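Here's the structure we're looking at; comments come further down.
Here the structure is a predicted model, which is why all the values come from computation and not from measurement. Letters A, B, ... mirror the listed sequences (proteins, then strands); counts begin at 1.
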Amino acid sequence: MTARAPGGVRFGIVVFPGSNCEYDTMHALGTFPEAEPYYLWHKDHDLQAPDVVVLPGGFSYGDYLRTGAIARFSPLMREVAAFADGGGLVIGICNGFQILTEAHMLHGAMLRNRGLKFVCRAQHLRVERTDTPFTRTLSVGDVVQIPVNHNEGAWTAGAESLHEIEKRRLVVFRYCDAQGNVTDDANPNGAVDNVAGIVNEGGNVLGLMPHPERVCESVVGGVGGRGVFTSLVEHVMEVR
Amino acid sequence: MFKVSVYVTPKAGILDPQGATIERALPALGFSGVTQIQVGRFITLFVDGDDESAVRADVDSMCRRLLANPIIEDYTFELLGVDGSGGDAGAGE
């Protein structure tokens, strides 16, 4: 590992063949003065001393076999797993979430959306936890609007996992309506218990289907995604 | 060498919207009484080796680690000896 440059909060954005949200992520992070985003290629072996690793959205490896199934075997993913095992912060957005489940870094698996339709729409989410590095500037029960844009987002898990998730409160975001009601109508894809985002047991790995990087500036229609990145920046600055 | 046929299907109780959609479409063609449709994946591969139990163990590992996702999918496979290295080796687990 190379030594960390003092100052900026380093976000390593992992690019897989077929990723397509890495530029959005780079741009969005560029609106945070403290953030120092940079790209990593999936064949790299060095994470270059990140504070946060981002697995962006897209269609890694063309979604062949199952979404995220092949990306999981990229050389850099071994480093990402080791980084996470050591408590490093990892956020997987959309395809990144799919990769994290396939890599068994998060509970569950992704199914095709209920209704077999690609969903692309603004979506309300209820914040379930704020004691994570990803949500510390939010409040429990807050409703944030962040778009979803996926075909395989029906998160599901076996009974044992669901029990574990419930017991350890691993759900961070749930799909809800504008008033914060978690209803089936507000569920865009059929995810079990309206799960939109979960963390691992250590609370340092977050996967979420919605795209916070797409709503970080009012000029693009909203700033509902800023809370996640503001939280990360604040957390990293504080623990230094 | 063995020709391997792998069948991957959604686990019981897992949402299978493709199966459900087909199940609703068939009555429109006049087919009634068709239930429990599952849509999965059929994968064939050829594996070098003469030791059937070793090949079987390898294929099982391939299924668990890549070809299927055991959280949401079940799998079975069949081995068929080719090039004179044994006959139909029967169904896998």
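Remark: A/Tyr23 OH is loosely packed, at most 12 non-hydrogen atoms of other residues, nucleotides or ligands lying under 6.0 Å away. The 12-atom threshold is not exceeded at CZ of B/Phe31, counting heavy atoms of other residues, nucleotides or ligands nearer than 6.0 Å. For B/Lys11, the NZ atom is densely surrounded, since the number of other residues' heavy atoms within 6.0 Å is greater than 12. Around atom CD of A/Glu201, more than 12 heavy atoms belonging to other residues, nucleotides or ligands sit under 6.0 Å away. Remark: A/Tyr64 OH is loosely packed, at most 12 non-hydrogen atoms of other residues, nucleotides or ligands lying under 6.0 Å away.
Taking B/Pro10, B/Ala68, B/Ala20 one by one and counting their heavy-atom pairs under 4.5 Å with chain A, the maximum is reached by B/Ala68. Between chain B and the options A/Gly108, A/Ala154, A/Gly158, A/Gly190, heavy-atom pairs under 4.5 Å are most frequent for A/Gly108.
Formation of a donor-acceptor pair under 3.5 Å by the A/Arg66 side chain with backbone atoms of B/Leu67 is found in this model. For A/Arg112 (side chain) and B/Asp16 (main-chain N/O), no donor-acceptor pair under 3.5 Å exists by modelled atom type.
Expressed to the nearest 0.5 Å, how far CD1 of B/Ile71 lies from NE2 of A/His104 amounts to 6.0 Å. Here the CG-CD distance, from B/Asn69 to A/Glu102, works out to 4.5 Å after rounding to the nearest 0.5 Å. A distance of 5.5 Å separates CG of A/Leu111 from CD1 of B/Ile14, quoted to the nearest 0.5 Å.
Counting only heavy atoms from C-beta outward, the side chains of A/Leu116 and B/Thr21 approach each other to under 4.5 Å. When side chains are defined from C-beta on, A/Ile70 counts as touching B/Leu66, because their heavy atoms get closer than 4.5 Å.
In terms of heavy-atom proximity, A/Gly115 sits nearest to B/Pro17 at N-CB, 4.3 Å. Closest approach of A/Arg72 and B/Arg65 over heavy atoms only: NH1-O, 3.1 Å.
The part of B/Glu73 that comes within reach of chain A is its side chain, from C-beta onward, which places non-hydrogen atoms under 4.5 angstrom from that chain.
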